[in-house]
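Quick caveat: nothing in here was measured; it's all calculated off a predicted structure.
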Amino acid sequence: MTSTTLGPLSPTPTPTPTRTGAPLGLINVTLEYPDGEGTIKAMDDVSMEVSAGQMMALVGPSGSGKSSLLAAAATLVRPTSGLVIIDGTDATGLKDKELTTLRRDKVGIIFQQPNLLAALTAAEQLVIGDHLRGKPLKAARSKAAGLLDIVGLASSANKRPHQLSGGQRQRVNIARALMGDPTVLLVDEPTAALDHERSDAIVRLLRRVTDEFQLATVMVTHDTEFVPLTDAVATMRDGKLSAAVPTHS
């Protein structure tokens, strides 16, 4: 697999997101943090749009704003200005309780570390999420079994985290993120703690679930070797986002 050459930084990303259309849209988002007597711009007038079934890679140096973009897209932080559109809803205009519901129902988040609960089996890691959503236990168990099968862990459903490899734990993490039937999937450095073979398998799995569930997926990655498995790549630098460049001609 060959690495992709990234295009030059563009000051105005295109296309411009709208309130309808793509499941994920950021419109002129700026995010500032206090820093002593001044502020730091973690995101500077960022706009992006990710369509259903599209997998976008987000690359850039450490401290460039990639994690801030994911946090804003996940509605975990409110931007200083701009709009975050999740499945047609302006998340920035919601109250905290409404925001929590939107995030729970529409956004799947895959963190760099799976952060699985040590006392729970792989299946229970998934079921507990639907329990919190108020779903019937029988249905949740059936759905969890199906998702574990999709990620290749049908035979490991009753294993606890310490009985799973790093790659298997990340597969549980992916299945858990899919339990809520999200329209948006946000992935933060999913291969950081894995060797090359397991990293390749995880990114290919993310590609497959993006296609199968028609998700709008954004994957932050430090390894451009896996960029060709995505549909487009954008670069963050000093809080600014380049226009997305297609990875296939």
Side-chain angles (χ1 to χ4, degrees), residues 1 3-4 6 24 26 31 33 42-43 46 48 50 55-77 84 103-104 106-118 120 122 125-126 128-129 147-148 150-153 156 159-180 182 184-210 213 215-230 232-237 239 241:
M1 189 181 299
S3 61
T4 295
L6 305 184
L24 176 62
L26 274 62
L31 178 63
Y33 293 113
M43 296 173 65
V46 168
M48 71 180 297
V50 187
M55 185 175 178
M56 181 180 291
L58 183 61
V59 301
S62 298
S64 60
K66 303 187 302 298
S67 294
S68 294
L69 188 153
L70 277 195
T75 73
L76 294 171
V77 297
V84 176
R103 185 187 312 121
R104 181 191 67 199
K106 298 294 184 179
V107 181
I109 306 173
I110 298 172
F111 296 104
Q112 182 174 326
Q113 298 296 331
N115 296 320
L116 303 179
L117 298 172
L120 300 185
Q125 308 281 346
L126 277 61
I128 192 173
L147 286 172
L148 288 174
I150 286 172
V151 302
L153 290 180
S156 301
K159 292 184 178 180
R160 289 177 168 76
H162 73 277
Q163 298 172 303
L164 301 172
S165 69
Q168 289 174 323
R169 289 193 292 271
Q170 194 61 288
R171 288 172 182 270
V172 175
N173 198 17
I174 293 170
R176 182 174 59 181
L178 297 174
M179 275 295 285
V184 174
L185 186 63
L186 303 172
V187 190
D188 187 15
E189 298 280 11
T191 64
L194 303 178
D195 61 26
H196 180 271
E197 182 178 357
R198 290 185 176 91
S199 294
D200 183 76
I202 288 297
V203 178
R204 289 181 184 279
L205 175 59
L206 290 168
R207 170 78 268 176
R208 183 158 66 88
V209 299
T210 297
F213 294 95
L215 303 170
T217 299
V218 178
M219 179 181 70
V220 168
T221 182
H222 67 282
D223 195 341
T224 57
E225 180 179 1
F226 299 114
V227 167
L229 291 172
T230 68
V233 57
T235 303
M236 285 289 289
R237 188 174 294 120
L241 182 69

Minimum-distance pair of heavy atoms, taken over all atoms of [X] and [Y]:
X    : Y    : answer
V46  : G239 : CG2-O, 3.4 Å
S199 : T191 : OG-CB, 3.2 Å
V218 : M48  : CG2-CE, 4.1 Å
R169 : P161 : NH1-O, 3.3 Å
L147 : A175 : CD1-O, 3.7 Å
G167 : L194 : N-CD2, 3.6 Å

Give a yes or no answer on whether the side chain of [X] reaches the backbone of [Y] with a donor-acceptor pair at less than 3.5 Å.
X    : Y    : result
D200 : R198 : no
Q170 : P190 : yes
R171 : L205 : no
R160 : A122 : no
K159 : L153 : no
Q112 : A192 : no

Interatomic spacing from [atom1] in [X] to [atom2] in [Y] - rounded to 0.5 Å:
X    : Y    : atom1 : atom2 : value
I174 : R208 : CD1   : CZ    : 10.0 Å
N173 : L178 : CG    : CG    : 10.0 Å
I110 : E189 : CD1   : CD    : 13.0 Å
M55  : L206 : CE    : CG    : 5.0 Å
L116 : Q168 : CG    : CD    : 11.5 Å
S67  : M43  : OG    : CE    : 11.0 Å

inquiry  = Within the 3.5 Å criterion, strictly below it, is a donor on R103 or T75 matched to an acceptor on the partner's side chain?
reply    = yes
query = In terms of heavy-atom contacts, does CZ of R207 have more than 12 from other residues, nucleotides or ligands at under 6.0 Å?
reply = yes
key: Among D188, L70, L58, V187, side chain to side chain contact (heavy atoms under 4.5 Å, CB included) partner for M219   = V187
remark   = In L164, V151, V172, L148, the residue satisfying side chain to side chain contact (heavy atoms under 4.5 Å, CB included) with S156 is L164
query = Are side-chain heavy atoms of S68 and Y33 found at a separation under 4.5 Å?
reply = yes
query = Taking C-beta and beyond as the side chain, do T217 and L186 meet within less than 4.5 Å on heavy atoms?
reply = no
request  = Give the C-alpha distance, both sets of side-chain angles, the deciding distance and a yes or no for side chain to side chain contact (heavy atoms under 4.5 Å, CB included) between L229 and R204.
outcome  = CA-CA 7 Å; L229 291 172; R204 289 181 184 279; 3.6 Å; yes
task = Could you go through the side chain to side chain contact (heavy atoms under 4.5 Å, CB included) check for I128 and R176 one step at a time?
result = CA-CA 9 Å; I128 192 173; R176 182 174 59 181; 6.0 Å; no
inquiry  = If you apply the rule side chain to side chain contact (heavy atoms under 4.5 Å, CB included), what do you find for L69 with M236, and how did you get there?
reply    = CA-CA 9 Å; L69 188 153; M236 285 289 289; 3.9 Å; yes
request  = Applying ring-ring contact (aromatic ring centres under 6.0 Å, His included), name anything that partners H196, two or more places apart in sequence or on another chain.
outcome  = F226
inquiry  = Before you tell me yes or no, could you show the steps for K106 and V184 under side chain to side chain contact (heavy atoms under 4.5 Å, CB included), namely the whole-Å CA-CA distance, both residues' side-chain angles and the distance that decides it to 0.1 Å?
reply    = CA-CA 6 Å; K106 298 294 184 179; V184 174; 5.9 Å; no
